[in-house]
Every structure is written in structure tokens, then in C-alpha cells.
Amino acid sequence: MTLFGYRIYRKKFWGTAAVMLLMSTVVFLGMLAFFVNTWMSALGSQVRIRFLEWEQQLADIQEWASEYVNSLYGNEKLMEDLAALFFSESEEEYLSLRRENSLGSPAQIRYLPADIKNVLIDSRNKISSVTLRSESGKKTIWLNNMDVCLSFDGDTDEENPFGNILVASCPVRDPLYMGQTIGTMEFWVSSIDIYGGAGDIPAFWEIRKTDGSVLYRSDPEKDQESWITLVAGETENSGWIRDVGGNPVFYMQMESGQSGHRYIVAKDIVSAMWDNVYVLAVLLAALMLINGGVLLSSYVGIRSDANFLSLILSMLSDMENGDFEEMQNRILPTRHRENEYGMIAAALQDVGRKLEGYIETEYILKLKEQETQMRALQHQINPHFLYNTLEMLRSKALVQNDRDMADAIAMLGMLYRTRMHKKEYVFLREEFELLEMYLKIMAMRYGDKFVYQMELDPAVGGMETIVFWLQPLAENFFAHGFDRDSEYNLLIVTGRRENGGACIEILDNGAGADPDKLPEIRKNMYQGNDGPEADIGLRNVYMRLNYFYQDGFRMEVDNREEGGFSISVFLPFGTGKQKGGGNVYTTDRG
């Protein structure tokens, strides 16, 4: 039967598909809300930065204008011409006053509009015109094709055609009577020069005057003009509104502290999604891939279960019919899950009866196997037979006056007895003594080609440790570092007290390890490796010491700069799994 031939698997597959569709929808909506919030936050940050730039620019212009007015007081001739402008009601009267000032002073008369021209042509301050306002009326100074122009506007309050933002209004006092104000200098800028750079903001924006009229705006689209009307009724600086179609719209509004203008920005969700359509496309594609992967994995798994169930039913049929050969020839899948419990349970009732004879046969075979293993154990070497044999060989060596051979046999027997004694813990000095026995035997074996040095600080000699962990580290040297063709093979073993513990170092002058294989050696020592090439000696020593000392224990291996291999072991005081669970470190008792 196929996968969809079983009702339980049909329901499982389509249920998984429905759950994945629901979860994907929830995830997509959640991610969409997250992205929209992120996009609007980024828009808000961009708007705030731009608004602060404008405010700083207006503040700089105001400061510059104030400094310019103050600088006029230091120039007597400019102040005379400025006063003549303030007191004149027409250009003829202004020229008459300039003539009188020229006749009454031997110094050259100054022309204020010419000085203000330097202000107007300076692109840094963006000032487009200067207005002089007094009881005699209003005068405007501006540039026309780099020529300075002066107009007498009388008392009219019409909007300045040469600048629509009053950025600074500075009173001018009579230099002879500083308590008396003779007029006001007004500095104007164009909204295009200040706000013209707002076109890079990806939203609809508008700048309004204090009277509610539009000063500057981006090109409106669709129902964007109605958004501003809705925002005007909001008291919050930022938030969400809904347009006439119910579409959510994000807005921000800020009021300038320098010019009093109101800056409004609005953007709807649909526009934000279109601006980031590629991000949404990637999100949808990722969700579709995840859904496809999950459904494919579910389909493969369920189909495997269905195939297995079909196979089990066929095997049960074979077993019921007593056709065990056909059953054994079938290839069983590795996966197993309990499904269709009723059919399997009914078939297993007959299987149990037919397998009874097979189980009895297997039981007898197991008993025979255990009996064979017991007989093999009885033929193992008796340790006492080995001790007696070694002692006999030592006696013969003494009779033949071969003292070195006798000592080697004696040390070998002592090493074997110590290991068979099954003593779990020894003092560190005893461990060094056992190692020295082994090294003496190796020195006898290799003669002058091998030299060893051992040094142990008495301060750590009474430290309790596990037995037989130094010898495997020394054996590592003879297995990998000893050069039979060299006339000088050196092994140095030292133990000293260091930072709350004992530092044991084993150094040799061999060829060292292949630098490319050092990481593999360390990994094998720390984590283990089941491969045939793995060095189990370092791994076993590390595991035993790490289990015994636990916290604070370190074991490191590396090549020496002088040549050879080094093993460094740090055994901490006051920790470890001692026989009674007490302190590992014991003071030296002799």
C-alpha cells in the first residue's frame, strides 16, 4: 500500500501541511509588523536628523546675523549710512542725507547696501535679502544678477518677494544714545535654500507657516494631502492614523524653535511595503523554502513509516505461515515507529508461539558460550608463577655475576607486583620512584644511547595522586620520540610547586610531533578518537587525572622550540576524588 493508503498517515501529512501554512502566515504577519516598525523607525530617525540639521542651520544664520549687526557699531561711517536709511522715507531723501554726511566729514562716506552685498553673496549663510524697518517705512536690499538693489517699500506689510523665511530680526540702537532704537534689521532666507534638500526623504512631507499656509512641500500623490489635514488634528508628535480608505499611515510633526514653522511627514504602510518589496519577496521565498523543506521531510518520513508498516505486516504473515526463510530474506529499514497498533498486536500473538523453539535454541547456545569463556579464564597465567620465574632468572644472573641483568629482573618484578597490588593512590614521590624503576630498565636496554634526569620538589612529594600515570607518558617518548640512530636520547622529568599545585613536566629531545598533526593530537587527548591511529595512552592518562582532580587540572602537549616534545601537567592542591573524598594534598611525612 502507498502512503495515502493508510488513513493515519493521510491525516498526519495533511495536518502537518495545515499547521505549517498557519504558522507561516503568523510568522509572515509578525515579521511584516516588525519590518514595518523598523522601516518607520528608520524614517523617523532620518526625519529627526534632517530637522536638527535645519534647526542648527537656522540657529547658525541667526548667530551670524547678530554678529554682523554688532559689527556695524564698530564702523562709524557704516552706522551713519544705516541711520540715513532708517530715517529716509524715499530714495531722494536718502541721497540727500548721504550728501550731507559727505559734506560734513572729511572721511570717505560708506554705502551700507554695498557692505550687505558681501553678506548676500556669501553662500554659507544663505541670506537672500535684508529688510530695514523703522518709523520711516521699510527698505529692502537684495541682489539681482550680482548687483545690489535697494527699494523703498513704505509701510507695506506684503510678503517679501526675495525671501519667505524671516530667520533673524535684530534691533539697531543709536550709537550716541544706546538706549534708543532707531530701527530693526531683518534677515530673510528662501525656503528652497533651507528645505530644498528634503527631497531624499522617502515620504510625503510639508512645511507650514504659523498661520497654517504651506511654505514648502513635496509633490503630493493620491490622498496624501488629506493625510496632512488629519495629522493637523493630532496632538502627539508621532503615531498612526487611518486615511479615508482605512489604510494605516505613520506620521511625525515637529515645530521649529527657530522659525516657528511646522514640519509634517506622513507615509502609509502600502508605500513602505512597495519601497521594500525585495525584502518582502526574500521573506516569502524563505518561508516557502522552509515550508517546502518541512513538508518534504514529513513526506519522506511518513512514506518510510508506511513502507515499514507494509513490510511488518508482510513479515508477520510469513511468520504466521512458518515461512521464516522468506522473512529473513527481507531487508529491514533502520527506522522503527509504533503505528497501526491493533494489527501488529494481533499478529505478534502468533509470532510469540512460533518463536518459542528458536528462543530455547539461542538460550542453549548462550550457555555453551559462557561455559567456553569460563574454561578460558581457568587457563590464565598465575601471577605467582610469573613472580617465581622472575626470581629464578634473577638468581641465575647473580650466580653468573651479571649484576645488571639481576637488577633489571628485580625492578621488573617490583613493577609487576606494584601493578598487581591494585593500590589506587600513592604519594607523588612514590609515583616518581616507580617511573625511575621503569627508566632504569630502559637505560639498561639502550645503554649509552639513552639518558634520563628526574627532579622532584620535596614540597610536593607528599601530594597524593593516582598510581601509574607517569609511566605511560614516558612510554610515549619511546614509542614516538626515541631515535635509535641517535647517540644521545634525553628524557627530563621534573616536578615543582606552582600557584597552588604541582607542575609536572616531561621533556625530550626527540623529533617532536608533526606541527600539522598537533591539533589532532590535542583533540584526541581531550575528546577521544575511536580510530586505529589514535594515541590512547595520552587519552587514558588525561581521563584518569581529570576524573581524579576535576577543577583546576590541566594537561598540555606541544613541541619545544629547542626540539623535541613536551607534556605539561598541573595537579591542583585541595581537590580530587581521594579514597575518602578528602583533600588530595598531604604534607610530606618524611
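Quantities reported herein were computed from a predicted structural model and do not represent experimental measurements. Side chains included, hydrogens not; waters and symmetry mates left out as well; all remaining heavy atoms used.
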If we only count heavy atoms from C-beta on, is the [X] to [Y] side-chain gap below 4.5 Å?
X	Y	result
Tyr94	Glu89	no
Phe152	Ser88	yes
Glu135	Ile182	no
Ile567	Met555	yes
Glu255	Tyr263	no
Leu571	Met463	yes
Ser566	Glu505	no
Leu72	Val172	no

Under 3.5 Å, is there a donor-acceptor pair between the side chain of [X] and the main chain of [Y]?
X	Y	result
Gln253	Val265	no
Thr25	Leu21	yes
Ser271	Lys267	no
Asn559	Ala513	yes
Thr184	Cys170	no
Lys117	Cys149	no
Asn164	Ser191	yes
Asn145	Asp147	no
Asn524	Glu520	no

Does a side chain donor of either [X] or [Y] reach within less than 3.5 Å of an acceptor in the other side chain?
X	Y	answer
Glu55	Ser256	yes
Trp188	Thr131	yes
Tyr68	Asp115	yes
Asp60	Gln56	yes

Rounded distance (nearest 0.5 Å) linking atom [atom1] of [X] with atom [atom2] of [Y]:
X	Y	atom1	atom2	value
Met185	Leu132	CE	CG	5.5 Å
Met288	Met20	CE	CE	12.5 Å
Leu85	Glu91	CG	CD	10.0 Å
Leu52	Arg50	CG	CZ	11.0 Å
Leu97	Glu92	CG	CD	12.0 Å
Arg110	Arg98	CZ	CZ	10.5 Å

- Walk me through it: do Trp39 and Phe250 pass the test ring-ring contact (aromatic ring centres under 6.0 Å, His included)? CA-CA 10 Å; Trp39 297 332; Phe250 174 78; over 10 Å; no
Which atom of [X] lies closest to which atom of [Y], heavy atoms considered:
X	Y	value
Pro171	Thr181	CB-CG2, 4.2 Å
Glu186	Arg133	OE2-NE, 3.0 Å
Pro113	Val148	O-CG2, 3.4 Å
Ile504	Gly495	CD1-CA, 3.7 Å
Trp142	Ser129	CB-CB, 4.1 Å
Asn118	Ile121	O-CG1, 3.6 Å

- Message: Would Phe565 and Ile506 count as a side chain to side chain contact (heavy atoms under 4.5 Å, CB included) here? Give the steps.
- Response: CA-CA 8 Å; Phe565 195 68; Ile506 301 176; over 6 Å; no
- Message: Quick test of your reading of the model: are Lys77 and Glu80 salt-bridged, counting only N-O distances below 4.0 Å?
- Response: yes
- Task: Using a strict cut-off of less than 4.0 Å between a Lys/Arg side-chain nitrogen and an Asp/Glu carboxylate oxygen, indicate whether Arg522 and Glu556 qualify as a salt bridge.
- Result: no
- Task: Apply side chain to side chain contact (heavy atoms under 4.5 Å, CB included) to the pair Leu78 and Tyr111, showing each step before the final yes or no.
- Result: CA-CA 7 Å; Leu78 279 177; Tyr111 185 49; over 6 Å; no
- Message: Looking at Glu93, I'd like to know if its CD atom is crowded, meaning that more than 12 non-hydrogen atoms belonging to other residues, nucleotides or ligands lie closer than 6.0 Å.
- Response: yes
- Message: Is it the case that over 12 heavy atoms from other parts of the model lie below 6.0 angstrom from the CD atom of Glu561?
- Response: no
- Check against side chain to side chain contact (heavy atoms under 4.5 Å, CB included), Leu518 and Asp558: CA-CA 7 Å; Leu518 264 177; Asp558 203 352; 3.6 Å; yes
- Task: Please assess Ile264 against Met252 for the test side chain to side chain contact (heavy atoms under 4.5 Å, CB included), listing each intermediate value before the final yes or no.
- Result: CA-CA 6 Å; Ile264 302 174; Met252 289 187 65; over 6 Å; no
- Message: Counting the benzene-type ring for Trp, do Phe553 and Tyr542 have ring centres under 6.0 Å apart?
- Response: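 Judged by ring-centre distance (under 6.0 Å), Phe553 and Tyr542 do meet the cut-off.
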